[in-house]
Novice: 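Quick one: this structure, given as structure tokens, is what I'll be asking you about.
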Number of protein chains: 2
Amino acid sequence: MQSNKRPGGRSARVRDAVRRATLAELGEHGYAGLTVENVAERSGVHKTTVYRRWGNVTGLISDALDLAADEPWPIPDTGSIEGDLRGIVQLVRSGFDDPGLGPVSSAFVAAAMQSPDAARALHAFFAARHEQSAEVVRRAVTRGELPGHVDVHEVIRVAVAPVYYRLFVAHEPVSEQDAARAADAALAAARAGVL
Amino acid sequence: MQSNKRPGGRSARVRDAVRRATLAELGEHGYAGLTVENVAERSGVHKTTVYRRWGNVTGLISDALDLAADEPWPIPDTGSIEGDLRGIVQLVRSGFDDPGLGPVSSAFVAAAMQSPDAARALHAFFAARHEQSAEVVRRAVTRGELPGHVDVHEVIRVAVAPVYYRLFVAHEPVSEQDAARAADAALAAARAGVL
DNA sequence: ACACTAAAGCTACATCAGTTGCGATTGGAG
DNA sequence: CTCCAATCGCAACTGATGTAGCTTTAGTGT
């Protein structure tokens, strides 16, 4: 998305400043309150420059998202698939519950609904997350807790889906019990050989 | 949301015209292309009137959503819980796949992410849908296909969640097989007594 | 039928997101 | 060290979105 004609130097500094400002603004005012002008002012980069390189707010978010995709996240290793799956789903839940991270994460989802670029970025983000998370399922297969033919990614999807569904589609609250139950349901399905 | 000082007459006609125009515009240009001015022009209602009563595009969508919530939808009755659940999930899938309905339904989800009003409207919409869909689970309990203590709403949530997750969060395609598998997974979990 | 008033229409205006053209900097190649 | 191309800063501008004040229309109650 970004040009790499001049990877080091001012361009890189500008990009960093804008990314940082985008995340900060998102954290404070959320997606609805994110404007190009505010990001420009906060970053000390001129408005025109931001428009030229990022185009609009969804461009800003797509870029910040690329950044976030790189950061690995702490996959649990509790020794049992039940504990690991529950841990992952709780991680998802708390990520949106947290007052600092919540608005930022939500903004990613919201932006992806409005811009194909952001959708692609979010798709890549989740592909990475699925890949990392699937490790707990592979370990479970190795331990003999799950049949060898399970679709490791699908187990993750089914486990986390109800949390996202409640948050972003049905707009219902998500308790820790809800999260645990979603993980357990995915596990039961995997054990039954459906996934 | 709307005043009912003068339920019959011009106000009602205006409201109908605007609702109709909103749905038509959504179908043609999607959420991103929905503007108050276009809806005003299409409906023959003056721009200022639309702003006064609906405020902005999310207001328009919230109102259209209230309308959509009333329409009942064709819950399947295949005789088995497996067939019914699969039918419901396919109904969800095809609702977003359809070139006419897809953009409208997606707009509802998108709008609910940006406006508390739309979120409330969508919440009510899904509460109604869950209630109607839960009937297939109750019938299954009556037939003895599922244990009596299942959370009938949760079975529906877990069944449809993966479809929404793929569509609106991970931005992955959703095949008919994916949909069927999601239904089967929910069913397996319910049979295992997890839901 | 008539008066009353809520609500819609209309014009003009204000505001803000996004664009354009040009001159000033900056980083990197030779 | 010098030059050149890429990128940034700046100010002025455009168009779209939303608002204010006032007039007109049309339901509703007597």
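Naming: A, B, ... by sequence-line order, numbering from 1 per chain.
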Novice: Any Lys/Arg nitrogen of B:R53 or B:D63 sitting under 4.0 Å from an Asp/Glu carboxylate oxygen of the other?
Specialist: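 Not counted as a salt bridge, because no side-chain N and carboxylate O are separated by less than 4.0 Å.
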
Novice: Could you write out each protein N or O paired with an N or O of nucleotides 23-25 of chain C at a distance under 3.5 Å?
Specialist:
none

Novice: I need a per-nucleotide contact map over nucleotides 13-20 of chain D, read 5' to 3'. Cutoff is protein heavy atoms under 4.0 Å; write B for the base, S for backbone only, - otherwise.
Specialist: ----BBBB

Novice: In chain order, what residues pass the salt bridge (charged side-chain N to carboxylate O under 4.0 Å, His left out) check against A:D77, with sequence neighbours excluded?
Specialist: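 Result, salt bridge (charged side-chain N to carboxylate O under 4.0 Å, His left out) vs A:D77: A:R139.
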
Novice: Take the C1' atoms of the five end pairs on each side of the helix from C:dA1-D:dT30 to C:dG30-D:dC1, get both axes, and report the angle to 10 degrees.
Specialist: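 Its terminal axes enclose an angle near 30°.
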
Novice: Let me know the distance between CH2 of A:W54 and P of C:dT19, rounded to the nearest Å.
Specialist: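 Result: 15 Å.
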
Novice: Can you check the B:E41 CD to C:dC10 C1' distance for me, whole Å?
Specialist: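 It is 16 Å, rounded to the nearest whole Å.
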
Novice: May I ask you to evaluate whether B:T49 reaches the phosphate of C:dG9, defined as a side-chain N or O under 4.0 Å from OP1 or OP2?
Specialist: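 For B:T49, the contact criterion (side-chain N or O under 4.0 Å from OP1 or OP2 of C:dG9) is met.
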
Novice: What integer distance in Å separates A:N38:CG from C:dG18:C1'?
Specialist: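 Computing the A:N38:CG to C:dG18:C1' distance gives 15 Å.
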
Novice: Taking the ring centre of each residue, are A:F96 and A:Y164 less than 6.0 Å apart?
Specialist: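 That pair passes the under 6.0 Å test.
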
Novice: With a 4.0 Å cutoff (strictly under), does any side-chain N or O of B:H46 reach OP1 or OP2 of C:dA8?
Specialist: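 Checking C:dA8 against B:H46, no side-chain N or O comes under 4.0 Å of OP1 or OP2.
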
Novice: Take atom CZ in A:R20; do more than 12 heavy atoms of anything else shown fall under 6.0 Å from it?
Specialist: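 Open: at most 12 neighbouring heavy atoms sit under 6.0 Å from CZ of A:R20.
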
Novice: I'd like to know whether A:T58 forms a side chain to side chain donor-acceptor pair (under 3.5 Å) with A:N56, so could you lay out the CA-CA distance, the side-chain angles of the two residues, the decisive distance to 0.1 Å, and finally the verdict.
Specialist: CA-CA 6 Å; A:T58 65; A:N56 53 29; 2.8 Å; yes

Novice: Is A:E172 salt-bridged to B:R120, going by a charged N under 4.0 Å from an acidic O?
Specialist: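 No, A:E172 and B:R120 are not salt-bridged.
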
Novice: Who passes side chain to side chain contact (heavy atoms under 4.5 Å, CB included) against B:F125, sequence neighbours left out?
Specialist: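 Here the qualifying residues are B:L65, B:A68, B:A69, B:L122, B:R129.
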
Novice: Parallel, tilted or perpendicular: which fits the ring planes of B:Y165 and A:H130, with parallel below 30° and perpendicular above 60°?
Specialist: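 Ring orientation of B:Y165 relative to A:H130: tilted.
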
Novice: State plainly whether one hydrophobic cluster holds both B:I75 and B:V137, where clusters connect Ile, Leu, Val, Met, Phe, Trp and Tyr through side-chain heavy atoms under 4.5 angstrom apart.
Specialist: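 Per the 4.5 Å side-chain linkage, B:I75 and B:V137 are co-clustered.
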
Novice: Below 3.5 Å, can you tabulate the donor-acceptor pairs from side chains in residues 181-191 of chain A to any protein atom, sequence neighbours excluded?
Specialist:
from   : atom 1 : to     : atom 2 : distance (Å)
A:R181 : NH2    : B:E154 : OE1    : 3.4
A:D184 : OD1    : A:R86  : NE     : 3.0
A:D184 : OD2    : A:R86  : NH2    : 2.6

Novice: According to a hydrophobic-cluster definition based on side-chain heavy atoms being under 4.5 Å apart (Ile, Leu, Val, Met, Phe, Trp, Tyr only), do B:V109 and B:L101 belong together?
Specialist: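 No, B:V109 does not connect to B:L101 through the hydrophobic network.
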
Novice: Measuring to OP1 and OP2 of D:dC8, would you say a side-chain N or O of A:R53 lies under 4.0 angstrom away?
Specialist: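 For A:R53, the contact criterion (side-chain N or O under 4.0 Å from OP1 or OP2 of D:dC8) is met.
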
